[in-house]
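These notes are about the structure you will find just below.
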2 protein chains.
Amino acid sequence: MAILEERLAGPEASDQGTIYNDISERLAAGEFAAGSRLKADDLRRHYGVSSSTMREVLFRLAHNGFADFEEQRGFRVPAASMERMLEVRHMRILLESEGARLSIANGDMEWEARLNAAHHKLAHIEVKMRTAERLREHIAIWTRFDWEFHETLVSACGSQLLQEMLKGLFFRYRQLLVGLVTNYGFRSGTVDEHKAILDAALERDPARCAEAIRYHYSFLDDLDQPGVTSLGVANQEVANPAMAGTRVLK
Amino acid sequence: MAILEERLAGPEASDQGTIYNDISERLAAGEFAAGSRLKADDLRRHYGVSSSTMREVLFRLAHNGFADFEEQRGFRVPAASMERMLEVRHMRILLESEGARLSIANGDMEWEARLNAAHHKLAHIEVKMRTAERLREHIAIWTRFDWEFHETLVSACGSQLLQEMLKGLFFRYRQLLVGLVTNYGFRSGTVDEHKAILDAALERDPARCAEAIRYHYSFLDDLDQPGVTSLGVANQEVANPAMAGTRVLK
DNA sequence: AAAGGAAATAATTTCGAGATTTCTTGCGAA
DNA sequence: TTCGCAAGAAATCTCGAAATTATTTCCTTT
């Protein structure tokens, strides 16, 4: 099923895809308070569609983690807890490292070129954002380029399924992040971190790439409450030999 | 959003959850041919609900990978290709090994007891199935015990998200398997394979547990067409250091 | 004043008909 | 025979009202 598809139509067109994208963007921008109800009737009026259509859109959002659904109790904005955040991060690191490993093994020069291009666009906006007055104005385009870079990184992994799952995790992560930190999740350090991921990928070093990916998300540990020990990212204890014996495509 | 919830009501009750469970079981049992259409109107009549309700159920199925959805073209049973199968397997091995690793690190004696209990039930039905005349009759209960064992294995991992994702993958895998092999995916070897996973988990050996999990799915390689090199399970090339530095809960 | 419960209010969920789109069938031309 | 096209058939999608369920309000009782 098509999920999180690209924005297509103009602002007045209100088909399901458009509404889905608009609400998901508003959610990812933190417009709705965490824990508040997504009133189907209010949204229905706002977008000028019927309750059934609105309900379908809300179900799609719920499936991708943008909303919580309880029978007979409607839809709510998920509470942005640090526990949930660390769970999403954990899965992102696991899938993104694996996807990068496979892409490094499978990717051709065309993949390298696309990755370079995606990083160039991302770095451009991020450097500008470091000195920008109003971050808010750049968040939408930054989110898009950020996603395109991470998507391209794993685009040669050979698994459509991995890419779909990672896409859901990316936007879920973004929504939670916006609810927990300031500046919409942008930090000046992200520039260097994305560069480190790019370099490791282009040098075909999966171990270093995985380490760079892990480091990219490690800033969350500084926000973690003392005493709330969770799925942290530091202090190795056990190596995961899960995919040790996995051949790659082609 | 409640997904794949337990079977609740009697056969005559036709609320959404019941219909969802019934259709998903029929799909997992291979009742509908892969690639065929899931006609909303036929199903609607069969379950005695309106088209809107039926549509909602079908969306839920699509969201969990049981059906494919295309706008204006309705719902279809996903084609059971070996490529898709190997992708799902790949994700299952990745997530299940990681979940087992975390459970081994976090799980207490109560977890060990639950795992033992789940395996006992699974082994009982599997031993019986090795000599059973009509496998068909045991598939539903076997599927349930099989799931409960794999679920319990990762139940102490500390990540609700990982468990949800794994649940979706389990039933997706089962559906694809039924479409590709005989005997509904049951092999006599599964008895020993599940035992190996259990032993490694109880001995708190994550590496051996991951290896046992991998081996549990390796039979697919024998079915793989020569020349169709895919996300196979043999022939290590690169180790995945993705989660090397991941602390565990508690 | 606090607690319990019933009525009023507000939300979700279901329904079936109508509008829209896609698929099928049959006819005619190359 | 093969291809294109148009008319008919069949399916999906949207809609708004009705039914169901949850929530709030307010009155009664302790």
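Protein chains get the first letters and strands the later ones, always in sequence-line order, with residue 1 at the start of each. Quantities reported herein were computed from a predicted structural model and do not represent experimental measurements.
Within the cation-pi definition used here (under 6.0 Å to the ring centroid, within 45° of the axis), B:Arg174 qualifies as a partner of B:Trp142. Geometrically, A:Arg89 does not engage A:Tyr217 in a cation-pi contact defined by less than 6.0 Å to the ring centre and at most 45° from the axis. A cation-pi contact, defined as under 6.0 Å to the ring centre and within 45° of the axis, links A:Arg187 to A:Phe219.
Screening A:Arg44, A:Lys39, A:Arg37 for a salt bridge (charged side-chain N to carboxylate O under 4.0 Å, His left out) involving A:Asp41 leaves a single residue, A:Arg44.
To the nearest angstrom, C1' of C:dT21 lies 15 Å from CD of A:Gln16. Atom CZ in A:Phe69 sits about 13 Å away from atom C1' in C:dA11, given to the nearest Å. Here C:dT12 presents its C1' atom at 14 Å from CZ of A:Arg45, a figure rounded to the nearest Å. What separates CD of A:Glu56 from C1' of D:dC15 is a distance of 12 Å, to the nearest Å.
You'll find that the side chain of B:Arg55 is closest to D:dC13, out of C:dT14, D:dC15, D:dC13.
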Output one line per pair: protein atom, nucleotide atom from nucleotides 17-22 of chain D, and distance, for all N/O pairs under 3.5 Å.
none

Can you give me the N/O atom pairs linking the protein to nucleotides 5-11 of chain D at distances under 3.5 Å, or say none if there are none?
residue	atom	partner	partner atom	Å
D:dA11	O3'	B:Arg37	NH2	3.3

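A donor-acceptor pair under 3.5 Å is formed between the side chain of B:Ser103 and the backbone N or O of B:Leu153.
Look at B:Glu56 and A:Arg55 and you find a salt bridge, because one of the NZ, NE, NH1 or NH2 atoms lies within 4.0 Å of a carboxylate O, short of that distance.
Comparing A:Arg44 and B:Glu70 by the nucleotide of DNA chain D whose heavy atom lies nearest to each, the residue mapping closer to the 5' end is B:Glu70.
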Run the side-chain hydrogen bond (donor to acceptor under 3.5 Å, both in side chains) check on B:Gln163 and B:Glu151 step by step: do they pass? CA-CA 7 Å; B:Gln163 295 176 70; B:Glu151 179 188 42; over 6 Å; no

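Residues A:Phe69 and A:Phe75 bring their aromatic ring centres within 6.0 Å.
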